[in-house]
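Working notes, structure below.
Labels below follow one simple rule: chain letters A, B, ... track the order of the sequence lines, proteins then strands, and each chain is numbered from 1.
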Amino acid sequence: MSEAQPAALVATDLSKTYDDLVALQPMSITVPPGQSMALIGHNGSGKSTFLRMVAGLLDPSAGEIEIAGFDLTDVEARATTSFLPDDPVLYDDLSLREHAEYISKLHGGDGWDDYAESLCVRLGLEERIDDLPSRFSRGLRQKTAIVLALVRPFSLLLVDEPFVGLDQPGKLVLLDVLAEVHAEGAATLVATHDPSYVERVDRSVALRDGEVIFDGTASVEEVLHLVGG
Amino acid sequence: MSALTIAESSAVVGELRRARRKRRVASIHWIDALYQVYITGLVSVVVVVLLSGAIGDDEVSVAGIADVKDHGPAAAGLLVALAVFLGLRSGSRGGPLALERPDVRHVLLSPVDRGVALRGPAWRQLRFLLAVGAAVGAATGQLIVRRLPGNAFEWIVFGALYGLTAVGLGYGSALLASGLKVKHWVASLIGGLLLLWSAGDVIGKLPLSPFTVVGHIAVWPLESDWLAIIGVALAVVLVIAGMRWVSGVSLEAAERRTALVGQMRFAVTLQDLRTVLVLRRQLSQEHPRSRPWIRAARRTPRFPVWHRGVRSVARWPLSRVVRALLMAAVAGMAMRTVWNGTTPMIVVAGLALWIAALDAAEPLGQEVDHPGRTDTFPLPRGQVFILHLPILFVVSVVIALLGAAVAVAPIGSSVPVGPGLFTAFMAGLLAACGASVSVIQGAPDPVDTLSMVTPEIAGTRTVIRTAMPPAIAILGVTPLLAARASFLGAQEPPPINAAMSLALPLALVVVLVAGYIRFRDEIRKWMADASEQMSPTKAAERQREERLAEEAREAAALAESKRLAREASSASQRAKARQKPKTSKPVSPPPDGVRGGTSAKPIGRKRDQT
């Protein structure tokens with residue numbers, strides 16, 4: 001990584017409140033380019049809130065977000081960030097191929113290509129490419145969302161609870177894909193309950209009740225201790 | 001990784017939208033389309049006929065025309081102010097657009113120009129609303145010409161222009177509030193103040209409202225005012241500004257709206273008021289307070305259902321408290337107006353209290369929303385619902401009494417204390433009854449046999465379902481009319497006694513509603529059974545089942561008879577086999593009077609012995 005390259009993500013005093021409920025305490029964090037990071041914590045700790053704010057889906061109550069040197073509201077920030085949610089959101093009337101084509105084109109790509117095809121094959125979706133994802137099971141929809149998050153260019157990948165609903169082969173493929181993405185230089189930010197995932201990342205940030213309680217390299221045992229697993 | 005240019009964004013988004021629209025249109029069957037046109041036409045004709053009946057044909061007197069000239073623009077301006085108020089509130093919640101959720105996730109999060117992605121749907125929505133506004137305005141102009149002097153063409157044209165302007169101002173405000181991310185409370189405050197200003201102008205208590213200027217368009221054929229053109233220009237400017245800043249929409253609000261608006265429309269179609277209320281609260285982020293206003297006592301509650309209701313009320317968010325106070329004030333003001341001679345305001349008073357009571361009925365609504373949980377309680381559902389009524393009555397009566405405080409406040413021409421307080425008490429009770437009926441009845445049955453018999457029954461039921469709850473609430477304000485009649489007449493009986501003379505019939509309504517809530521399930525079951533009995537198909541099925549059961553019974557009896565015969569036959573053979581050589585047995589003579597046989601012939605018919 002070049003020293004001059006801006007950080008993949010800089011969040012400064014980022015917080016989120018809903019009336020009298022504090023979902024995320026003021027949080028400052030910097031993710032260097034190409035870093036893989038796990039965001040860990042129990043339910044309601046603020047992981048998803050943080051990711052959704054970085055993705056632009058939630059309005060921060062306070063604080064600022066910069067992505068690759070651009071303000072979150074800039075179109076360049078959107079071009080840089082890919083978000084893989086835990087609740088796949090798909091069109092009812094588009095097939096998997098049409099989804100991938102559309103999203104690729106929205107990001108300036110050529111549409112359906114070999115990489116999309118290969119992702120579908122690896123995730124076991126090759127027979128379902130021309131089917132409507134609206135009729136898929138939860139796991140297949142999650143796999144579709146994985147394809148859609150990856151068929152477009154990005155340098156920051158935000159992943160929220162990626163293993164929910166996935167079968168074991170799907171989980172292994174996703175772990176491989178995340179490793180490949182990281183190897184290619186993209187920063188990854190994965191919110192997960194799975195303590196074993198921390199062994200695969202450069203850095204772990206643990207949250208409890210909307211507050212950062214740990215930031216560094218953690219072992220599985222430490223994670224279990226931190227999040228009460 | 002780079003942003004798309006406006007042309008590229010437009011091409012990508014446009015291409016997919018066109019393809020999807022084509023596919024959607026292709027999937028609509030022409031019969032469905034025709035049916036929609038038929039229903040729309042039918043509803044429009046009914047509305048026009050009803051309006052035309054309400055407006056009448058008599059020419060308005062000279063004094064009436066002068067009155068229209070004086071107050072017409074302010075009244076028309078009030079409607080525009082209402083459109084702007086609703087637009088500002090909608091915009092502050094992410095409206096007026098209701099995008100598809102995948103569009104928010106995939107299109108608005110991609111590096112395409114958000115303006116390009118949002119202006120298309122916004123123009124389409126605006127086009128539709130403008131067409132509706134122009135049509136309603138023109139139709140109203142055409143009806144007005146029957147009573148007011150002037151050229152019919154002018155009335156129609158200016159009616160349509162007024163409709164277009166009102167839509168433009170309302171929609172433009174909404175787009176602008178959404179694009180500039182105006183806070184909800186700020187939008188409500190600005191819109192509310194503008195609305196109050198216009199209302200004050202209508203009753204002549206406040207100086208000229210800016211919307212009164214716009215209202216001059218509506219009465220242009222009577223009295224032209226070129227200043228009104230400013231309103232048209234303002235509408236155009238607001239729409240252009242809204243389109244310019246539409247890209248600033250909050251994705252959080254937009255996504256929340258996408259999920260809820262569709263459900264809300266569906267609930268409205270089903271006349272499911274409870275669902276509409278719940279979704280509206282979600283849309284406006286109106287959540288119960290985490291920390292209640294009043295802390296709960298530690299001891300075990302003696303009346304758990306009452307206690308549960310109190311806890312629910314103690315968690316009312318501030319916005320709900322403000323709304324309840326506002327409704328109380330509206331009801332109080334309406335009661336004052338009724339007392340001063342404007343009888344139709346009784347409807348406003350009743351509706352305001354009913355709306356407040358709908359909020360108070362939340363604990364009951366929660367039980368209705370979760371029938372699975374209610375069914376696990378060791379008492380009938382109806383009984384659980386009845387136990388929720390006391391807290392609803394208390395809250396509703398308190399709100400109504402606050403309204404009464406406004407009505408009897410000794411400023412200007414106020415309602416006397418006695419009739420005011422008594423009316424408020426009864427109005428609170430009846431508003432609670434209306435609200436509980438609204439909540440309990442929920443959505444109509446998906447398969448309603450009775451309604452399917454004839455469309456007339458279905459139509460009548462729909463009207464009753466919709467009108468009954470507010471009508472019950474309005475009924476509660478009628479003691480005020482009785483008191484007023486006495487006050488204006490000979491005061492015999494005195495106004496308070498006149499008001500109280502309605503106590504018994506209104507109490508009967510309360511009892512009837514309580515009975516309906518308690519025995520609703522039983523009544524519904526009885527009605528379902530009765531309607532099944534009435535059905536010719538069901539009767540034929542029932543006859544067939546009875547015939548089959550009779551045949552089965554006969555077959556079983558026959559089989560049993562054969563079995564017995566076989567047993568008797570084998571027993572006889574075994575007896576014969578064991579029989580010793582016959583020895584002469586002395587036969588004693590039968591007793592006198594007995595004629596019994598000694599034959600060993602088996603019982604039964606010949607065919608049964610095989």
Do you see a donor-acceptor pair shorter than 3.5 Å between the side chains of A:Arg208 and A:Ser45?
no

Please state whether the side chain, the backbone, both or neither of B:Arg256 comes within less than 4.5 Å of a heavy atom of chain A.
neither

Name the member of B:Val104, B:Leu108, B:Asp113, B:Val13 that forms the most heavy-atom pairs with chain A at distances under 4.5 Å.
B:Leu108

Side chains of A:Ser95 and A:Glu98, donor plus acceptor under 3.5 Å:
yes

Quick one: what part of A:Leu57 sits under 4.5 Å from any heavy atom of chain B, side chain, backbone, both or neither?
both

A:Leu148, A:Asp92, A:Leu94, A:Asp74: which one forms the most heavy-atom pairs within less than 4.5 Å of chain B?
A:Leu94

N-O pairing of A:Arg52 and B:Glu252 below 4.0 Å
no

N-O pairing of B:Arg20 and B:Glu100 below 4.0 Å:
yes

In terms of heavy-atom proximity below 4.5 Å to chain A, should B:Leu318 be classed as side chain, backbone, both, or neither?
neither

Contacting region of B:Arg101 [heavy-atom separation from chain A under 4.5 Å]
both

Measure the acute angle between the ring planes of A:His99 and B:His106, then classify it against the limits of 30° and 60° as parallel, tilted or perpendicular.
perpendicular

Sort out for me which of B:Leu109, B:Val112, B:Leu251 touches chain A most, counting heavy-atom pairs under 4.5 Å.
B:Leu109

Side chain to side chain donor-acceptor pair (under 3.5 Å) between B:Gln125 and B:Tyr171, worked out:
CA-CA 9 Å; B:Gln125 195 178 31; B:Tyr171 194 80; 2.8 Å; yes

